[in-house]
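Index from 1, following the sequence.
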Amino acid sequence: MKFDLQYTDPKTNARAGLITTAHGQIQTPIFMPVGTIGSVKGVQVSHLKEDIKAQIILGNTYHLYLRPGLEVLERAGGLHKFNSFDRPMLTDSGGFQVFSLSGIRKITEEGVEFRSHIDGSKHFFSPERVMDIERTIGADIMMAFDECPPGTATYEYAKNSMGLTHRWLDRCIKRFNETEDKYGYEQTLFPIVQGCVYPDLRKQSAEFIASKEADGNAIGGLAVGEPVEKMYEMIELVNEILPKAKPRYLMGVGTPMNILEGIERGVDMFDCVMPTRNGRNGMLFTKDGIINMKNKKWEFDFSPIEANGASFVDTLYTKAYLRHLFHAKELLAMEIASIHNLAFYLWLVGEARKHIIAGDFSTWKPMMVKRLSTRL
């Protein structure tokens, strides 16, 4: 994997770059739609590629390991061939999912024993096992296995958790280097900075991760219950340490405003379930603010969903029609809203890139934050 840092905003830490992988190039800053079990919920690959213009999507190790299982994925030739998305993919290590199963998992130095949320069957993830699973899934970018503590974790818990994550990272790197790419193309491994909301721990973790000289680095353990100001503080602190010549990935964040704040602080890659999850519940993000599509005020509004929107659905359908679909509990409502929101997110990071290149990101961003925060 190769990363070219092309532009840096003169007044902020915002960056525009180009990631090159075996499955194509990614212009940064970028938002990555979440395809947890091998599909972005309710969205066809043709829409992902041609309308939403997704340059990279995510798969999840925990969920894909349980369903469809490694034998299916291996016989298919990897996830790219299984789901027909021939552009870059990234796999989360499953750490966040495993640790969210607080009542049905046990953490030890060796790894994590957990029970499946599907059928209660018992499984074990070690750093080595996760590397093998991610090799089999075949994503271009693999994430290291980490522990993700809650945003409210005590200092002692966060410190011990960070130490465990660092020791697991060494084991991940060793296993990754011992194994070969499975499907004839190169895969790369990103480590993850942890440390909760404690500046000294975040600094220590960022220094440890930077010392590994990986092709890219991730910031984990944020947007998990801590105040948003703390999240921004941790991003700034970590990005002062992580190498500038490598892409930085902020995991699981977040709202359009969070993304713009992250870009301003030097983040290159983002993912979040928010555009699809909130879309399925009737919340639309637009260039002029947030719409609750279920509200009565749209009942007789026959104007387009968004007149100057980023997707074909925005002018094909009206607000009144989409509201009707939601109230009728029609599946098409969730599909339209998901496509709209994802296209909007990709449009937003694309616009940020344009303004970074133009050198006026610092004046464009506060204006956009104000607009995006409006409730319509």
Side-chain angles (χ1 to χ4, degrees), residues 5 7-17 28-32 34 96 146 148-155 158-159 161-162 165 190-210 216-244 246-275 278 285 289-290 345 348-349 351-353 355-356 360-374:
L5 181 56
Y7 301 92
T8 302
D9 181 65
K11 294 184 179 177
T12 70
N13 289 316
R15 304 133 50 94
T28 65
I30 192 65
F31 178 81
M32 305 180 282
V34 177
F96 179 78
D146 65 328
C148 181
T152 54
T154 64
Y155 182 88
K159 184 178 180 181
S161 172
M162 181 192 73
T165 288
F190 280 22
I192 303 170
V193 176
Q194 288 290 354
C196 203
V197 294
Y198 303 105
D200 62 323
L201 297 183
R202 282 285 175 183
K203 181 174 184 292
Q204 187 181 330
S205 188
E207 287 169 349
F208 182 84
I209 267 60
N217 299 291
I219 307 168
L222 293 175
V224 287
E226 79 285 354
V228 71
E229 297 78 14
K230 274 285 177 191
M231 176 172 75
Y232 297 147
E233 181 190 330
M234 295 303 107
I235 295 169
E236 283 179 23
L237 188 156
V238 166
N239 279 346
E240 286 173 8
I241 299 165
L242 292 180
K244 288 182 168 56
K246 305 290 177 67
R248 301 157 174 164
Y249 164 30
L250 180 61
M251 305 180 75
V253 179
T255 67
M257 289 74 79
N258 292 158
I259 288 171
L260 291 180
E261 297 291 348
I263 291 171
E264 184 177 59
R265 290 161 173 81
V267 175
D268 306 295
M269 305 166 71
F270 302 85
D271 81 284
C272 192
V273 296
M274 184 170 282
N278 288 29
F285 300 98
I290 299 164
Y345 267 61
L348 183 65
V349 292
E351 286 296 296
R353 178 181 167 86
H355 287 281
I356 292 165
D360 64 353
F361 177 83
S362 60
T363 53
W364 172 80
K365 178 245 168 186
M367 177 269 294
M368 279 307 295
V369 166
K370 187 176 180 182
R371 278 172 61 185
L372 298 178
S373 306
T374 305

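- Smallest separation of non-hydrogen atoms from Ser373 and Met257: OG-CG, 3.7 Å.
- Under the 4.5 Å side-chain criterion, counting only non-hydrogen atoms from C-beta, Ile259 is not in contact with Met274.
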Test side chain to side chain contact (heavy atoms under 4.5 Å, CB included) on Tyr249 and Met32 and set out the steps.
CA-CA 10 Å; Tyr249 164 30; Met32 305 180 282; 3.4 Å; yes
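- Arg371 places no side-chain N or O within donor-acceptor distance of the main-chain N or O of Gly289, the cut-off being under 3.5 Å.
- Residue pairs satisfying the salt bridge (Lys or Arg N to Asp or Glu O under 4.0 Å) criterion with at least one member in residues 254-275, sequence neighbours excluded, are listed as follows: Arg15-Asp268, Glu236-Arg265, Glu261-Arg265, Glu261-Lys365, Glu264-Lys365.
- Atom OH of residue Tyr232 and atom CD of residue Glu226 lie 10.0 Å apart, to the nearest 0.5 angstrom.
- Taking both residues in full, the closest heavy atoms of Tyr198 and Tyr155 are given as OH-N, 3.3 Å, listed atom of the first, atom of the second, then distance.
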List the steps, then state whether side chain to side chain contact (heavy atoms under 4.5 Å, CB included) holds for Thr165 with Phe208.
CA-CA 11 Å; Thr165 288; Phe208 182 84; over 6 Å; no
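- Between Thr28 and Pro247, every side-chain heavy-atom pair lies at or beyond the 4.5 Å cut-off.
- When atom types are taken as modelled, the side chain of Tyr7 and the backbone of Ile356 share no donor-acceptor pair closer than 3.5 angstrom.
- Looking at residues two or more places apart in sequence or on another chain, you find no side chain to side chain donor-acceptor pair (under 3.5 Å) involving Arg248.
- Within a 6.0 Å radius of NZ in Lys159, other residues, nucleotides and ligands contribute 12 heavy atoms or fewer.
- Residues Thr255 and Asn258 have side chains that bring a donor and an acceptor to within less than 3.5 angstrom of each other.
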Evaluation steps, side chain to side chain contact (heavy atoms under 4.5 Å, CB included), between Ile290 and Phe285
CA-CA 5 Å; Ile290 299 164; Phe285 300 98; 4.1 Å; yes
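- Minimum interatomic distance between Thr12 and Ser362 (heavy atoms only, all atoms of both residues): CG2-CB, 3.9 Å.
- The side-chain heavy atoms of Ile241 and Val193, taken from C-beta on, include no pair separated by under 4.5 Å.
- Considering CG of Leu201 and CD of Gln204, their distance stands at 6.5 Å, rounded to 0.5 Å.
- Between Phe270 and Gly262 the shortest heavy-atom distance is CZ-C, 3.9 Å.
- Interatomic distance, CD1 of Ile235 versus NZ of Lys230, reported as 13.0 Å (0.5 Å rounding).
- Annotation: the span from Cys272 atom SG to Met251 atom CE amounts to 12.0 Å, rounded to 0.5 Å.
- Among all heavy-atom pairs drawn from Cys148 and Gly221, the shortest one is SG-CA, 3.8 Å.
- One distance of note links CE of Met269 with CD1 of Ile219; it measures 12.0 Å at 0.5 Å rounding.
- At a threshold of 4.5 Å between non-hydrogen side-chain atoms, the residues Val228 and Met231 count as touching.
- The nearest pair of heavy atoms linking Val349 to Pro29 is CB-O, 3.6 Å.
- How far CD of Glu351 is from CD1 of Ile263: 11.0 Å, rounded to the nearest 0.5 Å.
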